[in-house]
Structure formats: C-alpha cells, structure tokens
Amino acid sequence: MKALLLNALLGISLGRFGSVWWLLLLLPIVAAEFAYGIYVYHLGLGSGLVRRAMALMICGQLGFLLGALLRPMRGER
C-alpha cells in the first residue's frame, strides 16, 4: 500500500513539474520495487509479483497524468 501511495505522489509531482520524458523515470523505480518484492518477500511469478508490478506502474502513470492536468495553463499565474 505504501508503494502505491509513493508511486502516485511521485507520478503527480513528475507530471506537474517535469516534462513527458520524466515518465521514463518510473521504470527503474518500479524495477527496484519489483526486485525488493523478490528479495524481501520471496515473491514468485505465481504469487502475484507481476500483478503488483503492473499495479505500481499503472498507479504511477495515472498519477503522472493527474499531475499533467494540474499544470497551470499559459498566461495563468
């Protein structure tokens, strides 16, 4: 649950203040969380590891889109 919140907040901040290319920053973060699940929790492919990784990635991407929508429009201050 903490990882979903972390990815959502990270996605919102990247979408709000970064460019579209910063979305690629989520890939190594999800890969690190993937490795953490394997190493610490001993999760295998049959125990929901892939579903967890996809949920983390989708949560980060949706947060990025929300952050992009929160950008101020041109001429707005």
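Just the heavy atoms: all of them, side chains too, but no hydrogens, waters or symmetry mates, feed the values below. On a predicted model such as this, the values are computed, not experimentally measured, just so you know.
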Are W21 and V30 connected, step by step, through hydrophobic side chains (Ile, Leu, Val, Met, Phe, Trp, Tyr) whose heavy atoms are closer than 4.5 Å? yes
Going only through I, L, V, M, F, W and Y residues with side-chain contacts under 4.5 Å, is there a path from W22 to V20? no
Check whether L25 and M57 end up in the same hydrophobic cluster, where Ile, Leu, Val, Met, Phe, Trp and Tyr are linked by side-chain heavy atoms less than 4.5 Å apart. yes
Side-chain heavy atoms under 4.5 angstrom apart, residues restricted to Ile, Leu, Val, Met, Phe, Trp, Tyr: same cluster for L56 and L23? yes
From L26 atom CG to F64 atom CZ, the distance as rounded to the nearest 0.5 Å: 8.0 Å
Given the rule that I, L, V, M, F, W and Y join up when any side-chain heavy atoms are under 4.5 Å apart, are L14 and L4 in one cluster? yes
Spell out, as yes or no, whether a donor-acceptor pair under 3.5 Å connects the side chain of N7 to the backbone of C59. no
On a heavy-atom basis, which atom in G15 and which in R71 lie closest, and how many Å separate them? O-NE, 2.8 Å
Quick one: are L65 and Q61 in side-chain contact, heavy atoms under 4.5 Å? no
Can R16 and L69 be said to form a side-chain contact (heavy atoms from CB on, under 4.5 Å), step by step? CA-CA 8 Å; R16 172 79 166 92; L69 289 174; over 6 Å; no
Tightest non-hydrogen contact, residues F34 and A53, listed as CD1-CB, 3.4 Å
Interatomic spacing from CG in L70 to OG in S13 - rounded to 0.5 Å: 11.0 Å
